[in-house]
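I have placed the structure first, in the form of structure tokens, so that the comments after it can refer back to it.
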Amino acid sequence: PERSPGRGSVQTRFRYRVGVVLEGPFRRGQVVTVWSLNSDAACGLSQGVGTVYGLFVTRDGGRWRSGACATVAPKRIRRAAGAAGASACA
């Protein structure tokens, strides 16, 4: 973990394997590092291994960032991907 300057909270690196791409520079199978707070209580990402869910990310300071409030159920992402003609499906 890396401490976030001035906030007193701990930023943690999470690694995700991309399954469905709706938009952005990602490709299916790519492993992406996403930074988030390390606590569910602070809207940080869940720390479970093997969990599958849709994740929206933003680029900030050269890092991909996200949080629990930017996650959705896999079915919703797959449905959106089908409607949008996504380039990859899990």
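- Evaluation of the side-chain contact (heavy atoms from CB on, under 4.5 Å) rule for R59 yields W64 as partners, not counting sequence neighbours.
- Considering only heavy atoms from C-beta on, F26 comes within 4.5 Å of V57 through its side chain.
- Between T12 and L37 the shortest side-chain heavy-atom distance does not fall below 4.5 Å.
- With sequence neighbours left out, the side-chain contact (heavy atoms from CB on, under 4.5 Å) criterion links T71 to L45, Y53, L55.
- Between the R15 side chain and the T33 main chain, no donor and acceptor come within less than 3.5 Å of each other.
- Shortest non-hydrogen contact noted between V21 and R28 is CG2-N, 4.1 Å.
- Here the side chain of S36 pairs a donor or acceptor atom with the backbone of S66 at under 3.5 angstrom.
- Under the rule for a side-chain contact (heavy atoms from CB on, under 4.5 Å), the partners of V72 that lie at least two apart in sequence or sit in another chain are F56, I77.
- Distance check: T58 OG1 to R65 CZ gives 8.0 Å after rounding to the nearest 0.5 Å.
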